[in-house]
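Presented below is the structure to which this report refers.
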Amino acid sequence: MASHQSSALVFLALCLCFLLLISPAHSLTCTSQKFTNNAVYTQCLDLPQLSSYLHWTHNQTNSSLSIAFIAQPAKTDGWVAWALNPTGSGMVGAQTLLAFKSNGAMTVKTYNITSYGPITESTLSFEVWDLTAEESNGSIWLFAKLKVPGNADTVNQVWQVGSSVTSGVPDAHALNTANKNSRSTLNLTEGSTVSTSGVDSRTKNKNIHGVLNVVSWGILFPVGVIIARYLRTFESADPIWFYLHVFCQISAYAIGVAGWGTGLKLGSQSQGIKYTAHRNIGIALFSIATVQIFALFLRPKKDHKYRFYWNIYHHSIGYAIVVLGILNVFKGYDILHPLQKWKSAYIIVIIVLGAIALLLEAITWIVVLRRKSSKSTKPYDGYNNGEGRQ
């Protein structure tokens with residue numbers, strides 16, 4: 001009997017410890033979260049990204065919105081932010097409330113996000129008051145009251161988490177998929193949210209920039225090089241290989257110029273955000289590819305004394321474009337953070353092209369060696385005792 005009672009006590013103790021270890025901020029749903037200030041909100045949502053939660057009460061009489069935003073910073077000394085965007089669905093234009101720990105105490109600051117560069121504390125485009133924040137079990141609870149348009153049933157919201165704060169200024173957040181998709185349209189009265197991810201014009205421009213450059217520098221240029229290096233070995237492929245080579249390279253250059261142009265536009269729209277290596281490689285690619293294209297008009301004839309040196313230059317620049325192009329494609333993937341399947345698909349394409357190149361390299365050497373062997377075993381025809389052969 002005593003053993004059964006002791007077992008029950010142990011079980012109850014373990015259950016109690018388990019319940020005490022559960023963080024309110026990490027509850028599975030917002031409905032189970034309780035506030036230390038006994039605040040009550042009429043609506044709540046489990047936000048679809050970054051394990052975040054939003055509680056709110058919309059007072060249509062005075063057009064006010066009382067909110068509580070709950071999220072865990074990316075790291076212990078990080079920050080969390082929630083914003084309304086009256087002019088768009090993304091980061092630019094967001095009227096932001098941002099909370100972090102400063103000198104051991106929680107603080108809330110406001111930011112009017114006008115660009116993708118560094119942010120500075122500023123007033124918002126609407127009235128906001130009762131800004132407070134508290135920390136609980138690794139999560140930050142941000143509270144605020146603000147004015148919304150009197151007839152607004154829906155608003156565009158943006159939320160975010162960051163890993164660090166330097167000298168009172170929040171550092172840039174990560175660019176993972178969840179970070180980029182943390183925005184939605186919030187229905188104030190029905191208590192629902194509709195994701196706006198993927199419709200942002202800047203994200204579309206990024207995707208267009210990526211596709212154009214993958215197709216041009218990352219695929220067409222290498223294909224053109226493979227055609228020129230290996231098909232010319234086969235006499236039956238002459239002059240078709242040349243026209244295919246020119247078609248691939250000119251097409252790649254035209255598409256690459258379009259991709260380069262979209263990159264310039266994205267750069268002008270992203271003041272303060274710099275991807276130095278990606279940008280510099282892109283400039284170098286455009287420059288040497290332009291030289292390579294125009295060098296076609298200066299190509300000497302096959303029997304010209306300078307043709308040998310032109311070939312060295314042409315081949316060297318071509319291989320440099322291939323290497324830099326593939327390298328910059330992967331740097332672009334690291335910046336854009338697309339779904340892994342797109343990066344994996346490109347890796348497969350490169351592996352296939354590499355395998356084809358290796359196979360053709362072996363075949364080419366076999367063909368060349370056989371030709372040399374055939375010439376060296378050609379019967380002596382008695383002409384000038386062999387001295388007439390060149």
Side-chain angles (χ1 to χ4, degrees), residues 22-36 39-58 65-75 78-100 106 108-111 113 124 126 128 131-146 148 152-163 170 172-200 203 337 339:
I22 295 178
S23 164
H26 289 87
S27 302
L28 294 178
T29 63
C30 64
T31 55
S32 61
Q33 294 169 336
K34 305 299 180 182
F35 299 94
T36 57
V40 178
Y41 298 89
T42 58
Q43 306 277 7
C44 80
L45 273 176
D46 304 328
L47 297 176
Q49 305 292 341
L50 302 175
S51 300
S52 305
Y53 309 89
L54 181 70
H55 301 253
W56 77 93
T57 297
H58 182 212
L65 185 66
S66 179
I67 66 104
F69 173 71
I70 305 169
Q72 186 173 9
K75 291 185 179 179
W79 52 267
V80 304
W82 180 84
L84 292 182
N85 192 332
T87 60
S89 62
M91 176 177 167
V92 174
Q95 307 298 298
T96 306
L97 311 174
L98 192 146
F100 59 90
M106 296 304 302
V108 181
K109 294 186 177 183
T110 59
Y111 298 88
I113 310 296
L124 305 184
F126 46 74
V128 60
L131 296 175
T132 60
E134 61 185 48
E135 186 180 25
S136 176
N137 296 298
S139 292
I140 294 179
W141 301 51
L142 189 161
F143 303 92
K145 295 179 181 178
L146 49 102
V148 294
D153 290 327
T154 62
V155 291
N156 293 325
Q157 66 169 340
V158 184
W159 64 98
Q160 197 55 256
V161 299
S163 59
H173 60 79
L175 294 175
N176 298 321
T177 301
N179 297 92
K180 293 189 292 185
N181 291 339
S182 57
R183 58 182 186 267
S184 67
T185 299
L186 177 66
N187 191 308
L188 297 175
T189 56
E190 294 182 2
S192 62
T193 182
V194 178
S195 175
T196 57
S197 302
V199 299
D200 182 76
T203 300
H337 294 287
L339 295 176

Task: For Asn85, all residues meeting side-chain contact (heavy atoms from CB on, under 4.5 Å), sequence neighbours excluded - done: Thr87, Ala94, Asn156
Open item on the list: How long is the straight-line distance from CH2 of Trp56 back to CG of Leu65, given to the nearest 0.5 Å?
Closed with: 8.5 Å
TODO: Look up atom CG in Asp153 and atom OG1 in Thr185, then write down how far apart they are to the nearest 0.5 Å.
DONE: 12.5 Å
Task: Partner set under ring-ring contact (aromatic ring centres under 6.0 Å, His included) for Phe35, not counting sequence neighbours - done: Tyr41, His55, Trp141, Phe143
Open item on the list: Can you tell me how far apart CD (Gln160) and OG1 (Thr96) are? Round to the nearest 0.5 Å.
Closed with: 10.0 Å
Task: Minimum side-chain heavy-atom gap Gln95-Leu146 below 4.5 Å - done: no
- [ ] Measure the spacing between CE of Met91 and CG of Asn179 and express it to the nearest 0.5 Å.
- [x] 11.5 Å
Open item on the list: Could you report the tightest heavy-atom contact between Val108 and Ala133, atom names first, then the distance?
Closed with: CG2-CB, 3.5 Å
Task: Candidate list Ile70, Leu186, Leu142, test side-chain contact (heavy atoms from CB on, under 4.5 Å), partner Leu54, passing option - done: Leu186
Task: Residue pair Gly138 / Gln72: nearest heavy atoms and the distance that separates them - done: O-CG, 3.2 Å
Open item on the list: Distance check, rounded to the nearest 0.5 Å: Leu50 atom CG versus Asn176 atom CG?
Closed with: 9.0 Å
- [ ] Return the minimal non-hydrogen interatomic distance between Tyr53 and Ser51, and the atom names on each side.
- [x] CE1-O, 3.6 Å
Open item on the list: What I'd like to find out is whether the side chain of Pro170 reaches to under 4.5 Å of the side chain of Tyr111, using heavy atoms alone.
Closed with: yes
Task: Side-chain donor/acceptor of Ser182 to backbone N/O of Trp159, under 3.5 Å - done: yes
Open item on the list: Please find the pair of heavy atoms, one from Pro73 and one from Ile140, that lie closest to each other, and give the distance.
Closed with: CG-CD1, 3.7 Å
TODO: Say whether, by atom type as modelled, one donor and one acceptor occur between the side chain of Asp46 and the main chain of Cys30 under 3.5 angstrom.
DONE: yes
Open item on the list: If the condition is side-chain contact (heavy atoms from CB on, under 4.5 Å), which residues does Thr42 pass it with, not counting sequence neighbours?
Closed with: Thr57
TODO: Please round to the nearest 0.5 Å and tell me the distance separating atom CD1 of Ile67 and atom CG of Leu97.
DONE: 6.0 Å
